[in-house]
S.K.: 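I'd like to ask you about the structure that follows.
Every heavy atom of this structure was used, including side-chain atoms; hydrogens, water molecules and symmetry mates were not.
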Amino acid sequence: MRITRRLEFDAGHRIPDHASQCRHLHGHRYALEVTLSGEIIEADGLPVNGMVMDFADVKRIANALVVERWDHAFLVYRQDCKVLDFLASLPGHKTVVLDVVPTAENLAAEAFRILDPAYRDSYGNHLRLERVRLYETPNCWADALRS
């Protein structure tokens with residue numbers, strides 16, 4: 001069985017080498033979808049009976065490890081020195097420094113890398129992360145998939 005939980009957050013970024021508008025500082029209302037697979041739990045009397053994982057737990061983990069860290073932050077590539085220097089000049093600014101350019105593809109892959117160990121077998125039902133889908137806009141998204 002597969003289940004999916006969707007979470008949303010706001011963040012800024014730029015793609016420094018982009019040939020068009022995305023090279024400028026801008027932001028998005030991102031949506032993050034976390035898809036897990038596992039066996040349906042059969043445990044009469046337990047709150048998780050009939051579930052792969054409680055959606056509240058899916059949300060709690062994704063919020064703690066990705067959404068709360070990235071929400072209302074500026075996601076910046078480590079090599080984007082001009083923007084890094086500017087952000088460092090703003091006292092208390094919420095900045096997330098990444099080893100990759102913050103494209104939708106790289107952010108989805110990074111979220112997958114962060115979340116994968118947090119979900120793995122946490123319910124005793126062969127639970128595992130299958131996909132992280134990151135919507136940059138309602139019409140554009142990237143999928144990081146288990147290979």
S.K.: Mind running side-chain contact (heavy atoms from CB on, under 4.5 Å) on Val100 and Arg78 for me, showing each step along the way?
M.R.: CA-CA 7 Å; Val100 293; Arg78 182 173 305 286; over 6 Å; no
S.K.: Which atom names give the shortest non-hydrogen contact between Ala73 and Arg69, and what distance separates them?
M.R.: CB-O, 3.9 Å
S.K.: Test salt bridge (Lys or Arg N to Asp or Glu O under 4.0 Å) on Arg23 and Asp17 and set out the steps.
M.R.: CA-CA 6 Å; Arg23 72 180 178 278; Asp17 298 322; over 6 Å; no
S.K.: For the residue pair Asn106 and Tyr77, confirm or rule out a side-chain donor-acceptor distance under 3.5 Å.
M.R.: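 On atom types as modelled, these side chains do not qualify, holding no pair under 3.5 Å.
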S.K.: Tell me, with the steps shown, if Phe74 and Lys94 meet side-chain contact (heavy atoms from CB on, under 4.5 Å).
M.R.: CA-CA 7 Å; Phe74 198 88; Lys94 189 174 179 183; over 6 Å; no
S.K.: Answer with yes or no whether the hydrophobic clustering places Val76 together with Trp70; edges join I, L, V, M, F, W, Y residues whose side-chain heavy atoms lie under 4.5 Å apart.
M.R.: no
S.K.: Which heavy-atom pair separates Tyr119 from Val58 by the least distance, and what is that distance?
M.R.: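 Taking every non-hydrogen atom into account, OH-O, 2.7 Å.
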S.K.: Taking all non-hydrogen atoms of both residues into account, name the closest pair between Ser89 and Pro91 and its distance.
M.R.: O-CD, 3.3 Å
S.K.: Rounded at 0.5 Å granularity, tell me how far CG in Leu36 sits from CZ in Phe55.
M.R.: 9.0 Å
S.K.: Any chance you could lay out the side-chain contact (heavy atoms from CB on, under 4.5 Å) test for Glu39 and Tyr123, step after step, and finish with the verdict?
M.R.: CA-CA 10 Å; Glu39 297 170 12; Tyr123 262 49; over 6 Å; no
S.K.: Let me confirm one number: the OG1-CZ distance from Thr137 to Arg29, rounded to the nearest 0.5 Å.
M.R.: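 It comes to 14.0 Å.
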S.K.: Donor-acceptor pair, Asp10 side chain versus Asp71 backbone, under 3.5 Å?
M.R.: no
S.K.: Going by heavy atoms in the side chains, are Leu98 and Leu107 under 4.5 Å from each other?
M.R.: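 The answer is yes, as the side chains (C-beta and beyond) meet within the 4.5 Å cut-off.
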S.K.: Verify, without hydrogens or angle tests, whether His28 (side chain) and Glu136 (backbone) share a donor-acceptor contact under 3.5 angstrom.
M.R.: yes
S.K.: Under a 4.5 Å cut-off applied to non-hydrogen side-chain atoms, are Leu7 and Lys59 in contact?
M.R.: yes
S.K.: To the nearest 0.5 angstrom, please state how far the CE atom of Met1 sits from the CG atom of Leu127.
M.R.: 13.0 Å
S.K.: Taking all non-hydrogen atoms of both residues into account, name the closest pair between Pro102 and His13 and its distance.
M.R.: O-ND1, 2.7 Å
S.K.: Once you round to the nearest 0.5 Å, how far does CG of Leu87 lie from NZ of Lys82?
M.R.: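 The CG atom of Leu87 sits 14.5 Å away from the NZ atom of Lys82.
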S.K.: Find out if a path of hydrophobic residues (ILVMFWY) with successive side-chain heavy-atom gaps under 4.5 Å connects Phe112 to Leu75.
M.R.: yes
S.K.: Hey, what do you get for CG (Asn49) to CD (Glu42), rounding to the nearest 0.5 Å?
M.R.: 7.5 Å
S.K.: Testing the basics here: between Ala111 and Leu32, what is the closest heavy-atom pair and its distance to 0.1 Å?
M.R.: CB-CD1, 4.1 Å
S.K.: State plainly whether the residues Glu33 and Arg131 are in salt-bridge range, i.e. N to O under 4.0 Å.
M.R.: yes
S.K.: Quick check on the hydrophobic clustering: are Phe86 and Val97 connected, directly or via other members, by side-chain heavy-atom contacts under 4.5 Å?
M.R.: yes
S.K.: Which one of Val132, Ile61, Leu65 satisfies the side chain to side chain contact (heavy atoms under 4.5 Å, CB included) criterion with Ile114?
M.R.: Leu65
S.K.: Would you say the side-chain atoms of Asn125 pair up with the backbone N or O of Ile41, donor to acceptor, closer than 3.5 Å?
M.R.: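 Such a contact is absent between Asn125 side chain and Ile41 backbone.
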S.K.: In terms of hydrophobic clusters joined by side-chain contacts under 4.5 Å, are Val96 and Ile15 together?
M.R.: no
S.K.: Decide whether Val34 and Ile40 are clustered together by the hydrophobic rule: side chain heavy atoms of Ile, Leu, Val, Met, Phe, Trp, Tyr closer than 4.5 Å, transitively.
M.R.: yes
S.K.: Charged N to carboxylate O under 4.0 angstrom, Asp54 versus Arg60?
M.R.: no
S.K.: Hey, what do you get for CZ (Arg5) to OG1 (Thr35), rounding to the nearest 0.5 Å?
M.R.: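 Interatomic distance, Arg5 CZ to Thr35 OG1, rounded to 0.5 Å: 12.5 Å.
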S.K.: Between Ala108 and Ala142, which heavy-atom pair has the shortest distance, and what is it?
M.R.: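 Smallest heavy-atom distance, with atoms named: CB-O, 3.8 Å.
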S.K.: Is it the case that the side chain of His24 and the backbone of Cys22 share a donor-acceptor pair, with hydrogens and angles ignored and the cut-off at 3.5 Å?
M.R.: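 Side chain of His24 to backbone of Cys22, a donor-acceptor pair under 3.5 Å: no, none is there.
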S.K.: Any idea how Phe9 and Tyr30 line up, ring-wise: parallel (<30°), tilted (30 to 60°), or perpendicular (>60°)?
M.R.: parallel
S.K.: Does a side-chain heavy-atom distance below 4.5 Å link Glu8 with Tyr135?
M.R.: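 A side-chain contact under 4.5 Å is absent here.
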S.K.: Could you walk me through whether Arg14 and Asp80 pass the side-chain contact (heavy atoms from CB on, under 4.5 Å) check?
M.R.: CA-CA 9 Å; Arg14 85 175 190 129; Asp80 195 351; 2.8 Å; yes
S.K.: Using a strict threshold of under 4.0 Å (side-chain N to carboxylate O), is an ion pair present between Arg128 and Asp121?
M.R.: no
S.K.: Between His18 and Ser20, do the side chains contain an N or O donor and an N or O acceptor separated by less than 3.5 Å?
M.R.: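 Distance-only check fails for His18 and Ser20.
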